[in-house]
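Written below as structure tokens is the structure these notes are about.
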Protein chains: 2
Amino acid sequence: MSETATGHTRGGDTRARIQQVALGLFAEQGYERTSLREIAERLGVTKAALYYHFKSKEDIVFSFTEDYFSEFDEMIAWAREQPPGPASRYAIVERYLDIVERGSEVFRFLERNQATMRGIDGGKHRFEQFRPRFAALIDVMIGPDADLRTRVRATMALLTVNFGWIFFSRDDPDLVPDPLDPAELRAVVLEIANSLANP
Amino acid sequence: MSETATGHTRGGDTRARIQQVALGLFAEQGYERTSLREIAERLGVTKAALYYHFKSKEDIVFSFTEDYFSEFDEMIAWAREQPPGPASRYAIVERYLDIVERGSEVFRFLERNQATMRGIDGGKHRFEQFRPRFAALIDVMIGPDADLRTRVRATMALLTVNFGWIFFSRDDPDLVPDPLDPAELRAVVLEIANSLANP
DNA sequence: GTCTATAGACGGATAGAC
DNA sequence: GTCTATCCGTCTATAGAC
């Protein structure tokens with residue numbers, strides 16, 4: 001049974017297929033509960049083959065998170081250059097949504113494996129890098145000396161993007177009974193996030 | 001070194017101490033990355049002793065989540081009896097905050113171990129029970145046929161309680177630089193949550 | 001690039017003495 | 001109620017053939 005999730009049997013970049021399958025399983029079942037054997041089986045190869053492409057299990061995680069974090073960093077740098085004000089805050093929220101949208105699977109993985117990823121890599125926190133970036137982005141939006149109320153509002157504005165997208169855009173039959181229009185969701189999320197960031 | 005987090009060396013209910021220590025470690029390092037050996041060491045006992053009080057590792061989790069879920073269920077039943085309207089929505093948010101406040105450590109654990117807890121217990125989802133309850137509470141607040149905008153707003157109202165409390169009430173030096181007044185946080189969270197639930 | 005085979009460690013869980 | 005000792009399974013990772 002060497003059929004893969006993406007349908008092809010051979011020819012595609014193996015490294016990328018490993019990343020895809022691993023990310024999916026890590027997000028669904030958890031990093032620790034997913035063995036390399038299981039990943040290999042899904043791809044129709046053996047564990048040893050994985051070690052040709054990645055030097056460790058952690059390295060697989062590192063490979064698919066680094067792009068995501070790079071994008072995040074570029075975005076923060078860009079945000080710092082914007083003039084303070086409501087228009088910039090809206091633009092930041094909108095661009096943040098773009099990132100979450102494109103990296104939604106990575107985000108789901110990070111969200112669901114927080115405890116596991118903390119303190120991995122011997123405390124260097126190579127993977128628990130979401131929070132500091134998130135905090136930095138909030139500081140850019142409201143300045144370092146904003147009061148608690150403003151800070152919580154800004155935090156919830158960004159979390160509306162995260163959870164609005166993750167909860168409602170796909171897999172959650174509990175929360176979203178009917179299939180739903182992505183464009184409508186996007187509009188709703190942006191409106192609510194903006195009302196929090198620009199009261 | 002048999003000193004415990006709570007300070008006493010002996011005499012207290014061992015079962016409860018196991019729960020406390022396990023919950024703390026599970027929340028901090030993750031369920032899978034915390035071994036029974038480590039829990040036992042912190043308590044100054046051996047692994048075997050834990051098996052006198054709990055029949056398995058999963059059983060420890062079950063023991064400290066069931067109270068939390070019971071409280072949640074009572075709260076949902078109570079909410080169903082309230083007359084629909086803004087005042088009830090506010091009351092629901094307020095009572096929800098009480099639960100999150102008291103069970104904040106359990107909540108942190110669930111939040112950070114989502115992927116691991118999914119599909120534990122062989123797919124019976126004994127532990128992945130937060131989402132369905134969360135969804136039920138939202139339905140009570142806005143009714144089953146509310147539009148997407150109303151639904152996302154209600155969702156974010158409750159998440160403001162969750163994250164407002166978890167992010168800002170303690171351990172997050174990234175997000176909250178200065179020590180902060182719990183009463184003020186409570187007021188801010190309630191105000192923002194209410195503005196989302198009752199626009 | 002992928003395989004077989006295996007090393008080496010550690011985990012959860014149990015038996016039975018005290 | 002807690003201990004010592006141990007079983008057995010699984011996992012990550014590596015060595016070396018093809």
Side-chain angles (χ1 to χ4, degrees), chain A residues 1-4 6 8-23 25-26 28-64 113 115-117 119-122 126-127, chain B residues 1-4 6 8-23 25-26 28-64 113 115-117 119-122 126-127:
Chain A
M1 222 69 65
S2 67
E3 204 173 19
T4 68
T6 46
H8 58 251
T9 34
R10 198 49 44 130
D13 187 24
T14 305
R15 193 184 146 93
R17 290 168 60 224
I18 294 170
Q19 287 175 320
Q20 273 176 35
V21 170
L23 175 54
L25 288 172
F26 291 164
E28 202 58 36
Q29 313 178 332
Y31 174 80
E32 302 279 0
R33 295 174 77 88
T34 303
S35 66
L36 295 177
R37 182 190 49 72
E38 191 175 1
I39 295 169
E41 259 170 23
R42 289 245 179 155
L43 291 163
V45 296
T46 62
K47 276 194 303 175
L50 305 186
Y51 280 96
Y52 174 81
H53 296 279
F54 300 95
K55 72 175 208 297
S56 69
K57 189 181 179 184
E58 288 185 9
D59 193 46
I60 301 178
V61 174
F62 188 63
S63 75
F64 64 59
N113 288 278
T116 302
M117 291 303 122
I120 220 174
D121 201 31
R126 218 164 89 188
F127 298 124
Chain B
M1 226 67 68
S2 66
E3 204 173 20
T4 68
T6 45
H8 59 250
T9 35
R10 199 48 44 130
D13 189 22
T14 305
R15 192 184 147 93
R17 289 168 61 223
I18 295 171
Q19 287 174 320
Q20 274 177 35
V21 169
L23 174 55
L25 289 173
F26 291 164
E28 202 58 34
Q29 312 178 333
Y31 174 80
E32 302 280 1
R33 295 175 79 87
T34 303
S35 67
L36 295 177
R37 182 191 49 73
E38 191 175 2
I39 296 168
E41 259 170 23
R42 290 244 180 156
L43 290 162
V45 296
T46 62
K47 275 197 298 177
L50 305 186
Y51 280 96
Y52 174 80
H53 297 278
F54 300 96
K55 73 176 207 296
S56 69
K57 190 182 180 186
E58 290 186 7
D59 193 46
I60 301 178
V61 175
F62 188 63
S63 75
F64 64 59
N113 288 278
T116 302
M117 291 302 123
I120 220 173
D121 201 32
R126 218 164 88 188
F127 298 125

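Hydrogens, waters and symmetry mates play no part in the numbers below; they use all other heavy atoms, side chains included. Labels below follow one simple rule: chain letters A, B, ... track the order of the sequence lines, proteins then strands, and each chain is numbered from 1.
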Taking N or O atoms only and anything under 3.5 Å, show me the protein contacts with nucleotides 10-14 of chain D, one pair per line.
unit_1	atom_1	unit_2	atom_2	d
D/dT12	OP1	A/K57	NZ	2.9
D/dT12	OP2	A/L36	N	3.1
D/dT12	O4	A/K47	NZ	3.3
D/dA13	OP2	A/Y51	OH	2.7
D/dA13	OP2	A/K57	N	2.9
D/dA13	O5'	A/Y51	OH	3.2
D/dA13	N6	A/K47	NZ	3.0

### Task
Could you walk me through whether B/R15 and B/F54 pass side chain to side chain contact (heavy atoms under 4.5 Å, CB included), step by step?
CA-CA 8 Å; B/R15 192 184 147 93; B/F54 300 96; 3.5 Å; yes
### Task
Quick one: do A/L36 and A/I60 satisfy side chain to side chain contact (heavy atoms under 4.5 Å, CB included)? Show the steps, please.
CA-CA 10 Å; A/L36 295 177; A/I60 301 178; 4.1 Å; yes
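Under the 6.0 Å distance and 45° angle rule, A/K57 counts as a cation-pi partner of A/Y31.
Contact record, B/A115 with A/G30: CB-CA, 3.4 Å, taken as the closest heavy-atom pair.
Residues A/T14 and A/V45 are not in side-chain contact: their nearest non-hydrogen atoms beyond the backbone lie 4.5 Å or more apart.
Taking atom CG of B/D13 as the reference point, atom C1' of D/dG1 lies 12 Å away to the nearest angstrom. Rounded to whole Å, atom C1' of C/dG11 lies 12 Å from atom CD1 of B/I39. In this structure, B/I18 places its CD1 atom 7 Å from P of D/dT2, rounding to the nearest Å. The interatomic distance linking B/E38 (CD) with C/dC10 (C1') rounds to 13 Å, in whole Å. Between B/Y52 atom OH and C/dT14 atom C1' there is a gap of 16 Å when expressed in whole angstrom units. One can place CG of A/L43 at 15 Å from P of C/dG1, the figure rounded to the nearest angstrom.
Listed pair B/T14 / D/dT2 meets the phosphate criterion, a side-chain N or O lying under 4.0 Å from OP1 or OP2.
In this structure, the side chain of A/K47 does not engage the main chain of A/S35 through any donor-acceptor pair within 3.5 Å.
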